[in-house]
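Because only heavy atoms are used, hydrogens play no part in the values below, and waters and symmetry mates are left out as well, while side chains stay in. The sequence lines fix the lettering, A, B, ..., with proteins before strands; numbering per chain opens at 1.
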Amino acid sequence: MSDEQPRKISRREMLKSAGLAGAAVAFPGTLAGTTPEKTALPVLGEGTARGARSAAAPPRALQTLTVAEFEILTAIVARIIPADELGPGAREAGAMYYIDRELGGALSGQKEAYQIGLAALDRYSRYSRGRPFVELSETEQDSVLIDCQGGSATNTGAGFAGSSGQFFNMIRSHTLQGTFSDPYYGGNQDFIGWDLLRYPGVRTGVSATDQARMEAQELPPNHRSAYER
Amino acid sequence: MARRLQETDVVIVGLGAVGGLATLPLVEAGLQVVGLEAGTWLSRHDFVPDEIRNNTRDWPMLVQKAYLERPTSRATAAQNANRVGGHPMMNAVGGTTWHYWAQAWRLNPWDFRVVSETTRRYGASRIPAGSTVEDWPFGYEELEPYYDRVERETGVSGQAGNVQGTIDPRGNPFEGPRRREFPMPPLRGTAFLEHMAESARSLGWKPFPGPASINSEAYDGRPGCVYHGFCNMGGCHVDAKSGPHVTTIPKALATGRLTVVTRAHATTIEVDGEGRVAGVNYLIGSNEYFQPARAVLIAGYTYENSRILLTSTSPAYPIGLSNNHGQVGRHYFSHHQAGGVGALFPFDLKSWYGLPAQGVAVDDFADDNFDHSDLNFIGGGNLWVMSDRRPISAAGVGSYGRISRNWGSEWKAFIRDNADRTSSSYIQKTTLPYETNFLDLDPAATDSLGMPVIRITGQFKENEVAIANYVMDRMEEWYGEAGAIEVTRGGAGMGAMGPSTHAYGGTRMGDNPETNVVDRWGFSHEAPNLGVLGASVMGTSGARNPTLTAQALAWRTAQHLAESWSSIVG
């Protein structure tokens, strides 16, 4: 069972176990102009990262955003919930796929806000830090996002519609949704989000015995989608 | 031209918490009933443990008639009203009882006698200035048999605190006397809830498990609660939640005397030449129908009840049905929901699989259960700590000032440690009606048919704010006693009284037709064969959820209609 895997797993090991370290398998379409590392976007197939399921997942097509927009979005979600010594983060959970997919559905009203905001954030990064957002160091990326959240990137000519803080908070909110929602929606791959919170998972019923086991720290996480039959 | 249907005895507009309930006493008395419901049938299969669907996207409210009719609101008549936010009522056979919290409180005896009891104990000057509050036309003891009937008929779990005057310390010692125990024991506790109860006891308070319209064990052919954690806005996948769609409506249908018409969008009520109601106009899609009936019971939500009366004008009722005294829409109020208190604990609460009706209550500071002599308000609040947590909202919890940013590695470590360590109390407080708080038709905003929606003019007054500040202090004490390491409290603010799931008044019940729309039985003072069901008839809020009281009143009104049939329908 995947829940028997050690909690602490380095990002490199994780990508390696997913067969992704250094591999350019992200998604169909050209990535011309990007560096090889940037092509190693973590398209974590269904359960492969932690050995839960063996079948390799097909790469996922983008449904709403352009490749360039998606790269910026991916870099942002990776800073909102980073992969670190506590384990994988929002990128590994696939939160950016959740956002891309839902921008064509339930979140379609915010599609334009993403397109404008992602372009503005990248422009702000180039103006203020001299390089595109995806090429900044993590520390520099964080400083750009701090400017965004605090609103100081708003009136800089970067082109945010409304305040940069609104844009940041929207992405943060959707990153949380993508990381902690049922995997049915395209994020929370391998239950990364639920494991991070130590949420024991969706159950159709929780008996008094289950509750007692949870209170005794003895209830194993249930790694199932509510829509899994 | 509307198609005129065959006359029925009673038409009920709305088959939710109250209309769905009232079907049973009517058909059991042999009456033919047509129930008009704007929504559709749902089943337990429509409800999935899915936080995105149920909570993030509020699917029950966003796709329905109630959402398209959501009211506008403003604080005072000098302002323009805005239409902001959602309105978590839904349309379906069973209505909002599908996804509500299902706390099933009786009002306490004081709530029926606010004016006389306040005057007796503290003097008439303690009734807040500008309040239009009246005593109910009857006391708790009149409604007790109907509370009892609804608790048995639908299935309510809980711990009695007062059975025929004998106090049971396991229950609420402040409740009015019950004739007997609840039909089922309370929902089960958790280690954290027991810890909170113990902390309340060490403060000298009297904690107890709250009542719920949810089976705690198998009852009447339905299973007990399975505690999966998605009850809040979710609906029950095993039918343990005791809404009319699984209780009274199936029984009423089995008699053959109830006809349920779904997707029926009621528009106006017709009146005959003598000012009696004649039936209801409704639409299904673009097809118009007229359902004649000898009596009409309106059972929409509080806003819809006032609205359909105000839009049903006629020569007999030029400013709205049953509104010749100008009382429709008056005496409106909603629970003061601001002023929550949150806490961070240094240990996991193990709250992942709870539900908002599973909790521990303290009634020591509600109603007149404590001495108000030296206080600057009347009424109070019920303190409620529950077990209710899901992952997206748990990850979105505030950091209690412990970290500077709500993202990044430091935040990630915080939520990893603390996602299951926060508790948000729910404090329901007395809210009074005031002269300047009312409902009317918005002059501009309309629904999907172009009909005006309700405009709420209302704000919480000094009495409500003083209650909020007082009970938040008590809640902080409680969390502190329980070992919370951080406590936050909301503002007690005075803003506009926006749309609420605990909305009261507009068609108030009382003996005086100059100040009330319906009489002590729930029938119009002006149109004798028109009855009103719902919290819109309630003149006081209590410090607790309204649904069970609205249901007991609905049962009583329906039973009265059956028992007094010939005198009511003429």
Side-chain angles (χ1 to χ4, degrees), chain A residues 7 76-77 79-87 89-90 98 102 106-107 138 142 145-146 149-150 168-169 171-182 184-185 187-188 191 193-208 210-212 214-217 219 225-227, chain B residues 47-57 59 62 188-194 223-230 234 237-238 240 347-355 358 387 389-397 404-421:
Chain A
R7 283 205 69 86
I76 294 170
V77 306
R79 296 315 305 152
I80 291 176
I81 309 179
D84 56 20
E85 68 280 3
L86 287 179
Y98 164 84
E102 296 300 310
L107 303 179
E138 292 179 344
D142 285 354
L145 294 176
I146 288 168
Q149 186 179 29
F168 178 87
N169 289 334
I171 293 196
R172 178 184 178 271
S173 170
H174 294 155
T175 300
L176 264 57
Q177 289 171 19
T179 304
F180 301 110
S181 60
D182 192 289
Y184 173 82
Y185 289 93
N188 193 12
F191 305 93
W194 290 354
D195 285 349
L196 168 60
L197 299 178
R198 299 179 293 133
Y199 172 52
V202 165
R203 286 171 154 81
T204 51
V206 176
S207 67
D210 292 337
Q211 178 72 25
M214 180 170 64
E215 287 170 4
Q217 319 271 12
L219 188 69
S225 162
Y227 296 92
Chain B
F47 295 93
V48 179
D50 177 344
E51 188 179 8
I52 286 278
R53 185 170 187 256
N54 299 340
N55 305 92
T56 306
R57 297 184 183 160
W59 77 270
L62 286 176
R188 80 174 181 229
T190 70
F192 172 63
L193 294 173
E194 185 43 48
C225 177
V226 295
Y227 302 89
H228 78 330
F230 291 84
H237 65 304
V238 299
F347 47 83
D348 292 349
L349 308 189
K350 303 297 181 187
S351 292
W352 290 113
Y353 296 120
L355 60 156
Q358 177 194 29
S387 192
R389 196 185 312 288
R390 285 166 299 282
I392 298 171
S393 58
V397 73
S404 55
R405 289 211 312 259
N406 62 1
W407 53 280
S409 280
E410 196 187 6
W411 171 80
K412 182 185 176 190
F414 178 85
I415 58 160
R416 180 178 182 275
D417 291 342
N418 295 296
D420 187 32
R421 294 183 169 198

Note to self: If I take atom CD from residue Glu85(A) and atom NZ from residue Lys412(B), how far apart are they, to the nearest 0.5 angstrom?
What the structure shows: 7.5 Å

Item checked: Minimum heavy-atom distance between Gly201(A) and Tyr353(B), given as atom pair plus value -> O-OH, 2.5 Å

Next item on the list: Could you tell me which non-hydrogen atom of Leu197(A) sits nearest to which non-hydrogen atom of Trp352(B), and how far apart they are?
Entry: O-CZ2, 3.7 Å

Note to self: Quick test of your reading of the model: are Asp420(B) and Arg198(A) salt-bridged, counting only N-O distances below 4.0 Å?
What the structure shows: no

Next item on the list: Measure the spacing between CH2 of Trp407(B) and CG of Leu176(A) and express it to the nearest 0.5 Å.
Entry: 13.0 Å

Next item on the list: Return the option, out of Asp142(A), Asp182(A), Val202(A), with the maximum number of heavy-atom pairs under 4.5 Å with chain B.
Entry: Asp142(A)

Next item on the list: Report yes if the side chains of Arg53(B) and Tyr184(A) come closer than 4.5 Å at any heavy-atom pair, otherwise no.
Entry: no

Check: What pair of heavy atoms forms the shortest contact from Met214(A) to Lys350(B), and how long is it?
Finding: O-CE, 3.2 Å

Note to self: Among Ala413(B), Gly408(B), Pro49(B), Ala419(B), which residue has the highest count of heavy-atom pairs closer than 4.5 Å to chain A?
What the structure shows: Gly408(B)

Notebook entry, point to check: Under a 4.5 Å heavy-atom cut-off, does chain A meet the side chain of Arg389(B), its backbone, both or neither?
Noted result: neither

Notebook entry, point to check: Is it the backbone or the side chain of Leu219(A) that comes under 4.5 Å from a heavy atom of chain B, or both, or neither?
Noted result: side chain

Checklist line | Over all atoms of both residues, closest heavy-atom pair of Thr204(A) and His237(B) | finding: O-NE2, 2.7 Å

Margin query: If I measure from the heavy atoms of chain B, does Tyr227(A) come under 4.5 Å with its side chain, its backbone, both, or neither?
Written below: side chain

Checklist line | Proximal component of Asp210(A), with respect to chain B [non-hydrogen, under 4.5 Å] | finding: neither

Notebook entry, point to check: What part of Thr190(B) lies closer than 4.5 angstrom to a heavy atom of chain A: side chain, backbone, both or neither?
Noted result: both

Next item on the list: Please identify each residue that fulfils ring pair (Phe, Tyr, Trp, His ring centres under 6.0 Å) with Tyr185(A), with sequence neighbours left out.
Entry: none

Note to self: Can you tell me how far apart CZ (Arg188(B)) and OG (Ser207(A)) are? Round to the nearest 0.5 Å.
What the structure shows: 6.5 Å

Margin query: Counting only non-hydrogen atoms closer than 4.5 Å, does Arg203(A) touch chain B with its backbone (N, CA, C, O), its side chain (CB onward), both, or neither?
Written below: both

Notebook entry, point to check: Pick from Cys225(B), Ala394(B), Ala395(B): which one has the most heavy-atom pairs with chain A under 4.5 Å?
Noted result: Ala395(B)

Checklist line | For the student: nearest non-hydrogen atoms of Arg416(B) and Leu196(A), plus distance | finding: CG-O, 3.2 Å

Note to self: Measuring from atom CG of Asn406(B) to atom CG of Asn169(A), what distance do you get when rounded to the nearest 0.5 angstrom?
What the structure shows: 7.0 Å

Notebook entry, point to check: With side chains defined as the heavy atoms from C-beta onward, is the minimum distance between Gln211(A) and Tyr227(B) less than 4.5 Å?
Noted result: no

Check: Within a strict 4.5 Å, meaning less than it, do heavy atoms of the Arg405(B) and Ile146(A) side chains meet?
Finding: yes

Next item on the list: Return the set of residues passing ring pair (Phe, Tyr, Trp, His ring centres under 6.0 Å) with Tyr98(A) (not counting sequence neighbours), or none when no residue passes.
Entry: none

Checklist line | Gap separating the NE2 atom of His174(A) from the OG1 atom of Thr56(B), nearest 0.5 angstrom | finding: 9.0 Å

Checklist line | Interface moiety of Ala212(A) toward chain B, non-hydrogen atoms closer than 4.5 Å | finding: neither

Item checked: Spacing of CG belonging to Leu86(A) relative to CG belonging to Asp417(B), to within rounding of 0.5 Å -> 7.5 Å

Checklist line | Shortest non-hydrogen contact from Ser181(A) toward Ile52(B) | finding: CB-CG1, 3.3 Å

